[in-house]
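Everything on this sheet refers to the single structure shown next.
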Amino acid sequence: MDLSLLRTFLAVHRAGSLTGAAALLGLSQPAVTGQIRALEQQVGRPLFLRGARGVTPTGFGDELAHRIAPHLDALQEITRDGPDGSAAGRALHLTGPPEFVSRRVMPALVPLVRRGLTVRVSFGDGEESLRSLAAGHHDLAVVASRPRGSPPTPLTATPLCDEEDVLVAAPRWAARTGGPAVVRARGAAALEGVPALCVHESLPLLTHYWTTVFGETPARRSGTVVVPDPRAVLECVVAGAGLAVLPRQLCQDALESGQLTTLLDPPVPPLRTYFLAVRAGTLTQPHIARAHEWLLRAATGW
């Protein structure tokens, strides 16, 4: 049996779609479709059920994937070993926003680290991370928007999870604004005298919250404190510097301890979707495929 057919089959099984597998392998969709059909003819059974949103493996397809994946991954690792038998160049290089990578991604990867995975992490915003991923400097990138355009190296992104953004401040600022009831009644006007903290001069988190919840853009043009790490913004807000819009997962502990309070609890809170992006063809490398699959599974509990 042709190993290339099995590799394509495994890519489709992991990606959940012919289109996704084609992007990961650097092949055209018709080529992937043709290889799957050829393999189905060889084994004499259907491997996937086609649907509007991708493909679903049959029972036999699932069984085949679980049987061949360890062996194909092992063969791939052997071909990547250096002349001395060492697994050179197999460190996983990952990039993404500091607060999400620190609190979500890295703890999730610990079991793989215990099994021998080497990880190198750098922090960056969405565009910077995607450029770095496309250039080959990283293997995986966590971003808050899907890749757009057609870079020289195709990228594919899979949703990880949604994160709620919350408007928070120290309790004394909540007392001065009158609390959520007053902010709900008066809108953004109730917050005009409160200093704002953000990660960038353009106030991206604040602007998204204001337009989503209040239906207007912030009157202010820059923040009182601008620091490019949400964790630093959090510490400043806890110390009483003013208000900020932050991911709930980042400030949940401070909210539960009473160090922070929400200035408003809208009925439909603003959400951001995080995606796990990868470069076409790289999920054929076992250590990247393993981390990619592991993070997607972990994200179901976030």
Side-chain angles (χ1 to χ4, degrees), residues 3-29 31-32 35-36 54-55 65 68-82 86-97 100-101 105-106 108-109 112-113 115-124 126-160 274-299:
L3 287 180
S4 65
L5 298 184
L6 293 177
R7 291 193 184 97
T8 299
F9 160 72
L10 191 57
V12 174
H13 187 273
R14 285 170 167 169
S17 73
L18 298 169
T19 303
L24 298 174
L25 295 168
L27 300 173
S28 67
Q29 182 175 333
V32 171
Q35 291 188 28
I36 294 300
V55 295
I68 68 171
H71 304 291
L72 287 180
D73 288 348
L75 285 172
Q76 184 69 30
E77 297 225 8
I78 290 171
T79 61
R80 290 176 56 84
D81 284 353
S86 64
R90 284 188 295 169
L92 178 76
H93 293 268
L94 184 145
T95 184
F100 190 86
V101 170
V105 176
M106 292 312 299
L109 287 177
L112 294 186
V113 172
R115 299 178 191 178
L117 179 68
T118 299
V119 181
R120 297 291 182 267
V121 176
S122 65
F123 298 136
E127 290 302 319
E128 177 187 356
S129 295
L130 289 175
R131 286 195 299 268
S132 179
L133 177 66
H137 302 311
H138 292 91
D139 303 311
L140 296 175
V142 177
V143 292
S145 60
R146 286 187 183 275
R148 298 183 183 276
S150 301
T153 303
L155 305 177
T156 184
T158 306
L160 270 177
Y274 287 97
F275 298 86
L276 184 61
V278 65
R279 201 166 55 257
T282 55
L283 286 188
T284 59
Q285 300 178 35
H287 69 298
I288 300 177
R290 197 175 303 125
H292 186 271
E293 190 172 353
W294 192 271
L295 288 174
L296 293 180
R297 285 204 305 266

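Just so you know, residue 1 is the first one in the sequence shown, and it goes up from there.
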>> For the CD1 atom of Ile68 and the CG atom of Leu10, what is their distance to the nearest 0.5 Å?
In response: 5.0 Å
>> As an exercise, state the distance from CG of Leu92 to CD of Gln285, rounded to the nearest 0.5 Å.
In response: 10.0 Å
>> Would Ile36 and Leu18 count as a side-chain contact (heavy atoms from CB on, under 4.5 Å) here? Give the steps.
In response: CA-CA 9 Å; Ile36 294 300; Leu18 298 169; 4.2 Å; yes
Which donor-acceptor pairs under 3.5 Å do the side chains of residues 117-124 make with protein atoms, sequence neighbours left out?
unit_1	atom_1	unit_2	atom_2	d
Ser122	OG	His138	NE2	2.7

> If every non-hydrogen atom of Ser129 is compared with every non-hydrogen atom of Thr95, which pair is closest and at what distance?
Replying inline: OG-OG1, 3.4 Å
> Within the distance-only criterion (no hydrogens, no angle test), does the side chain of Thr282 pair as donor or acceptor with the backbone N or O of Arg279 below 3.5 angstrom?
Replying inline: yes
> Would the number of heavy atoms belonging to other residues, nucleotides or ligands and lying under 6.0 Å from CD of Glu127 be above 12?
Replying inline: no
> Looking at Arg14 and Ala289, what are the two nearest heavy atoms and their distance?
Replying inline: NH1-CB, 3.5 Å
> How many angstroms lie between atom CG of Leu283 and atom CZ of Arg290, to the nearest 0.5 angstrom?
Replying inline: 12.0 Å
>> Would you compute the distance between atom CG of Leu27 and atom OG of Ser4 and round it to the nearest 0.5 angstrom?
In response: 9.5 Å
> Rounded to the nearest 0.5 Å, what separation is found between the CG atom of Leu94 and the CG atom of Leu109?
Replying inline: 6.5 Å
> Taking all non-hydrogen atoms of both residues, which atom of Ala15 and which atom of Ala21 are closest, and how far apart?
Replying inline: CB-N, 3.6 Å
> Can you tell if the side chain of Pro97 reaches within under 4.5 Å of the side chain of Val142, non-hydrogen atoms only?
Replying inline: yes
>> So, using side-chain hydrogen bond (donor to acceptor under 3.5 Å, both in side chains) as the criterion, who are the partners of Gln29 when residues are at least two apart?
In response: Thr19
> Under the 3.5 angstrom rule, does the side chain of Asp139 hit a backbone N or O of Ile288 as a donor-acceptor pair?
Replying inline: no
> Between atom CZ of Phe275 and atom CG of Leu130, what is the distance when rounded to the nearest 0.5 Å?
Replying inline: 11.0 Å
> Looking only at heavy atoms, which two atoms of Ser17 and Gly54 are closest? And how far apart?
Replying inline: CB-CA, 4.0 Å
>> Which residues pass the side-chain hydrogen bond (donor to acceptor under 3.5 Å, both in side chains) test with His13, not counting sequence neighbours?
In response: Asp62
> What pairs with Tyr274 under ring pair (Phe, Tyr, Trp, His ring centres under 6.0 Å), at least two apart in sequence or on another chain?
Replying inline: Phe100
> Given Leu72 and Leu6, is the side-chain contact (heavy atoms from CB on, under 4.5 Å) satisfied, shown in steps?
Replying inline: CA-CA 8 Å; Leu72 287 180; Leu6 293 177; 3.9 Å; yes
>> Looking at every heavy atom in both Arg146 and Pro159, which two are closest together, and how far apart are they?
In response: NH2-CG, 3.7 Å
>> Which residues pass the salt bridge (charged side-chain N to carboxylate O under 4.0 Å, His left out) test with Arg297, not counting sequence neighbours?
In response: Glu293
> Under the side chain to side chain contact (heavy atoms under 4.5 Å, CB included) test, which residues partner Thr158, sequence neighbours left out?
Replying inline: His292, Leu296
> Are the side chain of Trp294 and the backbone of Ala108 linked by a donor-acceptor contact shorter than 3.5 Å?
Replying inline: yes
>> Within the 4.5 Å heavy-atom criterion, are Val12 and Val55 side-chain neighbours or not?
In response: yes
> Is Ser132 reaching over with its side chain to a backbone N or O of Glu128, donor-acceptor style, under 3.5 angstrom?
Replying inline: no
> Which pair of heavy atoms, one from Ala134 and one from Leu155, lies closest together, and at what distance?
Replying inline: CA-CD2, 4.0 Å
